[in-house]
Amino acid sequence: MQTLGLSSAAAAVGGAAQEARAAIAEAAGPTTLGPDPVAVRLTVNGLRQEITIDPATTLLEAIRGELGLTGCKEICDRGACGGCSVLVDGKLVVSCMMLAIDAEDRRIETVEGLATGDQLTALQEAFIRHDALQCGFCTPGLVVACTALLREHPKPTLEQIKRGISGNLCRCGTYTNIFNAVLDASGQPVPADPAPPWPANGGA
Amino acid sequence: MADADQINQPTANRSFNDAMVVDANASRLDGVAKVTGRARYARDVTVPGMLYVQGIRSPWGVGKLAAIDVPAAKAIPGVVDVVVERDTGEYDGDWIGHVVAESRLALRRAMRALAPRWERGEPKVGIDPGQVVLDAPDEGASAAYRRAAHIFEAEYSTPVQTHSALETHGLVVEHRGESAIVHASTQGTFAVAEEIARFIGLPRSRYEVRCEYVGGGFGAKFQIGREGSTAATVAAATKRSVHSFCTRREEHLDTGNRPSSHIKVKLGVARDGAILGGQIAVFGGTGVARGGGGASIPSRRYALGEVSAKTTNVRFNAGAPRAMRAPGHPQGAFAEELMLDEVAALAGVDPLELRLRLDTDESGARRAMYRAGAEMIGWSRRHANGAVPEEGGPIRTGLGVGSTSWGALRGPAQAEIVVHRDGAVELRSGAQDIGTGFRTVIGIAAADALGVPLESIDVRIGRSTLPEGPASGGSVTTPSVTPAVIAAAQDAKRQLLEVAAQRLGVAAARLTIVGGNLRDGERVALAWADLCRLLPTESVVGSGRFDGRGGTLFGEGHSHGVQFAEVEVDIETGVIGVRRVIAFQACGRILCRKTAESQVIGGVIQGLSYALFENRLLDRKTGAMVNPNLEAYKILGSVDMPVIEPILWSDATQTGARGLGEPPVIPTAGAVACAVLNAVGAPVRHLPMTPDKVLAAVDAAAAQPAGQPADGRPRREGGAA
């Protein structure tokens with residue numbers, strides 16, 4: 001069983017709709033939802049859909065399980081890795097830490113919604129060009145996080161990039177190339193390959 | 001069937017150096033799928049009506065199940081079955097039973113309703129430092145000690161590192177009544193197909209294992225585990241689809257790890273720093289496994305005189321190890337590199353100079369890397385260990401270096417290239433890409449050998465019904481499969497040219513395929529589409545096979561490497577900041593430059609993470625892991641990142657492609673440890689090099705006159721579990 005007051009507190013972001021709901025909840029006392037499933041309207045990548053879910057369902061579970069958008073990943077399931085990053089009303093959110101009912105009527109963007117058809121964003125192109133991915137499991141979350149970063153800082157410094165993606169974990173070790181991809185996508189120079197001080201072919 | 005014997009020779013129409021990088025610009029073929037979220041991993045597969053499985057596990061190092069409410073769990077709507085197999089657990093995470101439910105929610109509710117009550121026993125949680133002792137020296141060691149000017153003695157330790165692949169272990173059995181598809185997160189498509197046969201209740205001809213995308217493996221995903229075997233068993237019994245994946249917590253506890261080690265060293269050292277010999281005793285943790293512990297020291301990369309080495313496995317109440325990226329090597333290299341720097345300090349020799357003297361690589365590749373790297377990082381400005389900079393302040397800087405080597409391991413592999421009449425080209429290999437770039441690498445090999453652009457090849461991998469390839473372990477996948485791919489391409493090409501020769505009425509020997517066009521001598525005779533249209537059948541199949549011979553772990557063909565690290569250490573906080581790592585890595589012929597460099601960068605990052613942060617901590621009293629998550633089990637993140645410069649070394653003596661999974665992860669922790677010793681003046685001998693241990697080293701250095709060599713006595717830094 002969940003109350004709106006509690007679930008709002010657990011949500012990772014603030015927002016007008018949520019504040020309004022919290023105010024209503026406060027006035028009327030906590031509204032109890034569940035244990036029966038409830039209907040929720042989710043607007044994901046511009047598409048409004050109504051789903052019926054247990055009120056304890058996280059936004060991540062709803063997006064993956066109910067809407068079938070499996071780009072965002074469940075990796076740590078407690079907000080530590082950024083693998084489930086989505087944008088809610090333009091803000092970066094780890095969707096495992098937000099209840100789906102709290103995302104109702106808000107604008108949700110997932111990695112699937114970034115490209116326009118086959119036309120990738122400049123950032124996605126740069127990720128591929130700079131090989132900023134290996135196994136790829138963290139990649140959707142990182143693409144979303146870097147998208148949010150670039151919207152806030154169109155020409156981020158290396159330090160801003162590092163901080164901007166510090167909530168995202170990559171295990172294969174792609175950070176160097178992600179930094180370069182973000183620099184490149186924002187029209188900034190990328191550190192050149194080191195010029196080796198020895199003859200080609202190792203001097204052999 | 002083409003013959004692969006000559007495959008690893010450079011092709012005749014290219015100069016040797018050019019052949020070293022086959023494709024310098026190609027990007028990963030699965031890049032688009034991965035950046036758009038379209039790549040579908042096993043974890044992403046859902047099948048309507050599928051069941052969910054989760055394990056019931058012991059929460060303590062030693063546990064006895066006193067009570068568990070199975071009826072309450074079974075009463076939850078949507079719960080299909082609850083099985084409790086036994087009532088004792090040997091470690092935190094030990095599988096004692098499982099729950100089957102119709103939904104994740106029902107599964108979660110059932111797990112809660114079980115409300116197990118456990119009685120806790122007394123666990124053993126690690127290697128007892130008291131048991132880390134040397135035997136009486138043998139004749140060789142005794143002689144070394146007698147002849148020595150210095151006796152060097154030290155003890156090193158390394159923690160348990162968990163693989164922490166981001167996609168947890170598990171699989172989905174998609175049951176179709178008389179057949180099944182197993183969607184597995186694995187680094188061994190064929191290994192899973194073989195292992196699951198015992199559980200799935202279907203003949204091998206009736207199921208297929210698929211793993212088109214894998215969210216990391218690092219050595220832990222060769223086997224299906226209880227999570228996989230139970231899913232298959234349930235699927236066989238119910239003829240329903242089953243989903244079973246470990247939680248993050250289970251992933252830390254029971255899917256393998258790089259085991260811990262304590263390493264005791266005693267060496268006789270000559271006045272000039274030469275190591276005359278001595279003893280090395282490794283005590284390797286194995287958790288509940290009976291073997292698999294240890295550390296690869298001595299590594300054979302350095303001439304250490306007559307050293308007697310002994311490994312003792314130590315069992316205790318914790319999850320068993322599994323192979324992890326160069327098993328045993330980072331542990332051993334950490335101790336060996338730091339030991340060399342301590343010996344150098346003892347004898348008053350520059351540590352790079354000492355390595356150049358002791359290096360055993362007869363090809364000279366590593367010596368060349370040492371020299372080039374010294375120039376790049378500015379080794380000439382390296383100060384004495386612990387030297388205080390004139391400007392004062394709390395920041396100390398240091399330089400360190402370490403080395404690596406990995407043998408050209410290979411195994412048997414097959415591949416097919418299908419050229420269709422409509423011009424489509426399919427490359428088929430059942431082996432898997434766990435993030436290494438394998439898909440792209442074999443595509444490049446095929447494109448190069450067939451004479452067509454990479455974009456025109458549709459690479460199909462990760463299915464047990466495609467031609468067999470090895471599991472991704474030991475850095476074998478690329479060197480094993482590419483010869484088969486090239487042989488398949490040559491076979492397909494020969495068939496195409498024969499058809500063309502017949503139809504055009506010219507000798508096949510005059511024809512070649514370049515850039516996707518059929519050429520008769522220098523003249524373009526037919527475009528690709530027109531060439532393929534000549535085929536008398538819908539397609540031609542080129543088959544290639546590689547027998548796996550021609551490479552052993554310590555045999556011919558090593559991937560040598562050297563890494564330099566520059567650190568800054570804040571002696572007031574004990575925080576180490578790694579500024580820069582230069583990673584030289586030989587790997588034979590480089591098929592894809594971008595993915596090769598990524599492998600090197602990734603290896604360095606995992607090595608840094610091992611050096612500075614990672615540590616599976618068990619509660620001494622309960623045996624429970626206290627950090628089974630991704631916030632308290634710290635992994636290197638973006639803000640901890642140094643500048644990493646991968647340098648792919650063209651080793652002229654090697655022409656074949658070699659794998660890059662293992663070699664770059666080996667030397668990093670050792671190089672960083674040496675740089676920290678250089679910065680603060682005393683060694684941190686226990687990984688991870690957390691601030692408490694760094695501050696203890698700073699104190700130890702302060703207790704001796706500045707610039708004085710480390711004397712090898714045990715310091716006050718804390719021990720690792």
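So you know, we letter chains A, B, ... as the sequences are listed, proteins then strands, and number each from 1.
Using a 4.5 Å cut-off between heavy atoms, B/Arg38 touches chain A through its side chain atoms alone. For B/Val32, the parts lying under 4.5 angstrom from a heavy atom of chain A are both the backbone and the side chain. Looking at B/Thr36, the atoms closer than 4.5 Å to chain A (heavy atoms on both sides) sit in the backbone and in the side chain alike. For chain A, the nearby parts of B/Thr595 are the backbone and the side chain; heavy atoms of each come within less than 4.5 Å. Neither the backbone nor the side chain of A/Leu114 comes within contact range of chain B, judged by heavy atoms closer than 4.5 Å. Residue contact with chain B, scored on non-hydrogen atoms closer than 4.5 Å, involves the side chain of A/Cys81 exclusively. If you measure heavy-atom distances from B/Arg43 to chain A, the contacts under 4.5 Å come from both the backbone and the side chain. Contacts of B/Arg439 with chain A are absent, with no heavy-atom separation under 4.5 Å from either backbone or side chain. Contact of B/Leu608 with chain A is not made at all, since no heavy-atom distance falls under 4.5 Å. Of the atoms belonging to B/Val214, it is backbone heavy atoms, and not side-chain ones, that fall under 4.5 Å from chain A. In this structure, the portion of B/Phe218 lying under 4.5 Å from any heavy atom of chain A is its side chain and not its backbone. In this structure, chain A has a heavy atom under 4.5 Å from the side chain of B/Leu105, while its backbone stays farther away.
At a heavy-atom cut-off of under 4.5 Å, chain B is reached by no residue from residues 180-189 of chain A. Near-neighbour residues of residues 63-72 of chain A relative to chain B, defined by a heavy atom under 4.5 Å from a heavy atom of that chain, comprise A/Arg64, A/Gly68, A/Thr70, A/Gly71. Heavy-atom proximity under 4.5 angstrom to chain B picks out A/Lys162, A/Arg163 from residues 150-163 of chain A.
Counting only heavy atoms from C-beta outward, the side chains of B/Asp44 and A/Lys73 approach each other to under 4.5 Å. B/Arg248 is not listed as a side-chain neighbour of A/Glu74, based on a closest heavy-atom distance of 4.5 Å or more. Residues A/Arg171 and B/Gln606 meet the side-chain proximity criterion, which asks for heavy atoms closer than 4.5 Å.
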Working for salt bridge (Lys or Arg N to Asp or Glu O under 4.0 Å), residues A/Asp54 and B/Arg109: CA-CA 12 Å; A/Asp54 184 282; B/Arg109 287 180 173 147; 2.9 Å; yes
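Between chain B and the options A/Ser166, A/Cys172, A/Pro140, the largest number of non-hydrogen pairs under 4.5 Å is found for A/Cys172. Interface remark: of the candidates A/Arg129, A/Glu125, A/Arg78, A/Arg78 forms the most heavy-atom pairs closer than 4.5 Å to chain B. When the candidates A/Val144, A/Thr176, A/Asn177, A/Leu142 are compared by the number of heavy-atom contacts under 4.5 Å with chain B, A/Thr176 comes out ahead.
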Please tabulate, for the side chains in residues 131-138 of chain A, all donor-acceptor contacts under 3.5 angstrom to protein atoms that are two or more places apart in sequence or on a different chain.
{"from": "A/Asp131", "atom 1": "OD1", "to": "B/Arg28", "atom 2": "NE", "distance (Å)": "2.6"}
{"from": "A/Asp131", "atom 1": "OD1", "to": "B/Arg28", "atom 2": "NH2", "distance (Å)": "3.4"}
{"from": "A/Asp131", "atom 1": "OD2", "to": "B/Arg28", "atom 2": "NH2", "distance (Å)": "2.9"}
{"from": "A/Asp131", "atom 1": "OD2", "to": "B/Ser598", "atom 2": "OG", "distance (Å)": "2.5"}
{"from": "A/Gln134", "atom 1": "NE2", "to": "A/Gly173", "atom 2": "O", "distance (Å)": "3.4"}
{"from": "A/Gln134", "atom 1": "NE2", "to": "B/Ser598", "atom 2": "O", "distance (Å)": "3.0"}

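Across A/Cys76 and B/Leu630, no two heavy atoms sit closer than the pair CB-CD1, 3.9 Å.
With rounding to the nearest 0.5 angstrom, the CD atom of A/Glu61 is 5.0 Å from the CZ atom of B/Arg104.
A donor-acceptor pair is defined here as one N or O able to donate and one able to accept, closer than 3.5 Å; such a pair exists between the side chain of A/Gln124 and the backbone of B/Val35.
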